[in-house]
Undergrad: 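What follows is a single structure, and I will ask about it in a moment.
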Amino acid sequence: MIAVLEAARAGLLDKKYFAKNLVAGITVGIIALPLAMAFAIASGAKPEQGIYTAIVAGLLAALFGGSRFQISGPTGAFIVILSGITAKYGIVGLQVATLMAGLILVAMGFARLGGAIKYIPDPVIIGFTSGIGVIIWVGQWKDFFGLKPGAAGDHFHEKLWQLILAFADLHIATTGLALLSLALLLIIPRLLKRVPGPLVAMVVTTLVQAIFKFDGVATIGSAFGGIPQSLPHFEVPAISFSDVMRLIGPAFTIALLGAIESLLSAVVADGMGGTRHDSDQELIGQGIANIVSPLFGGFAATGAIARTAANIRNGGNSPLSGVIHALTLLAIVLALAPLAAYIPLCTLAAILFVVAYNMSEIHHFIHLARTSSRADVGVLVLTFLLTVFSDLVIAVNVGVVLASLIFMRRMATAVQIENDNENFLAARAHENFVLPKGTMIYDIEGPFFFAAADKLERTLESIQAHTDTLILRMRHVPFVDATGIQSLSEIIDDCRHFKTRLIICGLRNNVRRKLVRAGVLGKLPPGSLHSSVTDFMRSEQAKS
């Protein structure tokens, strides 16, 4: 259900809740201002485009999303992807890719794929978020220290080397303002919990730069000419078929990362607010936000975990706070835009330093590395290294595939196929059952899928030729896939070849339906299916 309608039905849009949502919305809007500009600049866009993104996407995601508390806008997780797209295709290419990603997100929501995102393993998520944190951190050295690196290649290690070489010409005033900003960002939240650290850092360093006018300190005014004091205007990006074909890959990347980030944020919000979000509706809401955002000069947006948490901590309890957050940003642009020209870029870099540290989840990374299995640690480290030194998409794909293979191996190992003759007779000792000579009982426990099918075939191939009756107990088989069905069909054929009687006991209804549909059970002679081994033995005794 759309969160705003759910909140209305719950009575959360009543006047008595307005004050709380007003305070939360204004607070989050103030927090979002420096972040939106910082994320925009780091993504290769203009600072006002970050604000426009936060306004448009924040408003639409709040109205059409599936989370009551979600605050949306540009986020740090997108920086690596978006900056690469902007560098290769330009800002218009980024906007077209964003629009396409919005359509993909809407399609994912209608296809009810919201729940599928949660199956991405934790080592993959932590690996790539930590990698993104490292890339953002290193990427901000230039503005933080006022460096002028030489020409670098496209790869991380090449850019890193050029930045290291450029430290010989470090700009003292820029570095001093950056360190002041970083100190304020770290100290203010501890002293004044209700005061946004990024806002204080931005205001203080902007005043310092406006008063002393340090030479060589880059500001929004010197780098971008300031921020327009106007509303974002509607404009459809130029789109051609060739653009669509070239940008399909980047669009899917934006959609996938946006879905992951938004749903993770929604889960965090549920834990803090005691609610339950609608993941499919959340994807639809984020999709609508990303479709409309580039039409008003913005770019890709997603749910922002830190701003969503701040919304909840400041009393927000309905999508109204998200709407107010967007209107607050709009009012700031219309009233205070000229003052933004004095904001030092090193302050925004310092803000991104903190964002990068929070994104890296270094404590979670270390905890996983210490406590997880070697296979999971391998996935974690490989995803991290591929994110940093190769590509985020490759990292996620390789991480998910590798984690899936490890999971399948574990599942296959967990499937038990054991001789059950002694256990069956011991359990039925009071009934004086005697197994006929040449009868073997095998108990299968676990999913009968492609990774376990070979295990069953290898177990049975050596006994079929020497067994008169083979009984398969399948009461603990929860499902069977196409390979398992084919394997069982081959076992039936082998038993027929060796003139071994095959009895199948305890089939669950869902497994039975699949085997009937595949025509496998039709290959068995009458009397081959029983509800249990006991039922089969009693029927045999009755015949004798």
Undergrad: Please examine the side chains of Asn358 and Val354, heavy atoms only from C-beta on, and report whether any two atoms are closer than 4.5 Å.
TA: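 They are in contact (side-chain heavy atoms under 4.5 Å apart), so the answer is yes.
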Undergrad: Inspect the surroundings of CZ in Phe241 and state if more than 12 heavy atoms from other residues, nucleotides or ligands are less than 6.0 Å away.
TA: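 Counting neighbours around CZ of Phe241, 12 or fewer heavy atoms of other residues, nucleotides or ligands fall under 6.0 Å, so no.
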Undergrad: Could you tell me whether Phe384 and Phe365 have their ring centroids closer than 6.0 angstrom?
TA: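 Centroid separation for Phe384 and Phe365: below 6.0 Å.
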Undergrad: Is there side-chain contact between Leu82 and Leu94, with at least one heavy-atom pair below 4.5 Å?
TA: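 They are in side-chain contact.
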Undergrad: Measure the shortest side-chain to side-chain distance between Glu235 and His233 over non-hydrogen atoms and say whether it is less than 4.5 angstrom.
TA: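 Contact flag for Glu235/His233 side chains = yes.
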Undergrad: Are Tyr52 and Phe296 close enough that their ring centres sit under 6.0 Å apart?
TA: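 For Tyr52 and Phe296, the ring centres are not under 6.0 Å apart.
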Undergrad: Given Ile260 and Thr302, is the side-chain contact (heavy atoms from CB on, under 4.5 Å) satisfied, shown in steps?
TA: CA-CA 9 Å; Ile260 294 171; Thr302 184; over 6 Å; no
Undergrad: Give the minimum heavy-atom separation between Gly109 and Ile284, together with the two atoms involved.
TA: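 That would be CA-CG1, 3.8 Å.
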Undergrad: Would a distance-only check, ignoring hydrogens and angles, find a side-chain to backbone donor-acceptor pair under 3.5 Å from Asn21 to Asn317?
TA: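 Yes: the side chain of Asn21 pairs with the backbone of Asn317.
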Undergrad: Among Ile220, Thr206, Leu207, exactly one meets side-chain contact (heavy atoms from CB on, under 4.5 Å) together with Tyr342. Which residue is that?
TA: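 The option that passes is Thr206.
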Undergrad: Determine the sole option in Trp161, Phe145, Phe144 for which the ring-ring contact (aromatic ring centres under 6.0 Å, His included) test with Phe167 is passed.
TA: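 Checked Trp161, Phe145, Phe144 against Phe167; only one passes ring-ring contact (aromatic ring centres under 6.0 Å, His included): Phe145.
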Undergrad: If only atom types and distance count, is the side chain of Asn311 paired as donor or acceptor with the main-chain N or O of Phe69 below 3.5 Å?
TA: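 A pair under 3.5 Å: yes.
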Undergrad: Are Ile291 and Val106 close enough that some pair of their side-chain heavy atoms sits under 4.5 Å apart?
TA: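 Yes, their side chains come closer than 4.5 Å.
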Undergrad: Should Phe39 and Thr53 count as side-chain neighbours, where that means a heavy-atom distance under 4.5 Å?
TA: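 No; the side chains remain at least 4.5 Å from each other.
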Undergrad: Begin from the C-alpha positions of Gln49 and Ile91 and carry the test side-chain contact (heavy atoms from CB on, under 4.5 Å) through to its verdict.
TA: CA-CA 10 Å; Gln49 290 181 291; Ile91 190 64; 3.7 Å; yes
Undergrad: Are more than 12 heavy atoms from other residues, nucleotides or ligands located less than 6.0 Å from atom NE2 of His367?
TA: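 No, NE2 of His367 has 12 or fewer neighbouring heavy atoms, counting only those of other groups under 6.0 Å.
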Undergrad: Within the structure provided, determine whether Val333 and Glu48 are in side-chain contact (heavy-atom separation under 4.5 Å).
TA: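 No, every pair of side-chain atoms sits at 4.5 Å or beyond.
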Undergrad: May I ask you to test the Ile26-Leu22 pair for a side-chain heavy-atom distance under 4.5 Å?
TA: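 They are in contact (side-chain heavy atoms under 4.5 Å apart), so the answer is yes.
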Undergrad: Would you please test Val200 and Ile188 for side-chain contact (heavy atoms from CB on, under 4.5 Å) and show each step?
TA: CA-CA 8 Å; Val200 174; Ile188 292 300; 3.9 Å; yes
Undergrad: Can you tell me how far apart OG1 (Thr253) and CD1 (Ile81) are? Round to the nearest 0.5 Å.
TA: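 The distance works out to 5.5 Å.
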Undergrad: Do Thr219 and Ile343 have side chains that approach each other closer than 4.5 Å (heavy atoms only, starting at C-beta)?
TA: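 No. Closest side-chain heavy atoms not under 4.5 Å.
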Undergrad: Show the nearest heavy-atom pair for residues Asn290 and Gly102, with the distance to one decimal.
TA: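 Here Asn290 and Gly102 meet closest at CB-CA, 3.8 Å.
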Undergrad: With side-chain contact (heavy atoms from CB on, under 4.5 Å) as the test, would you mind laying out the steps for Gln209 and Phe214 before giving the verdict?
TA: CA-CA 6 Å; Gln209 176 59 22; Phe214 296 111; 3.3 Å; yes
Undergrad: Can you confirm whether Leu179 is buried at CG, in the sense that more than 12 heavy atoms of other residues, nucleotides or ligands lie under 6.0 Å from that atom?
TA: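 More than 12 within 6.0 Å, yes.
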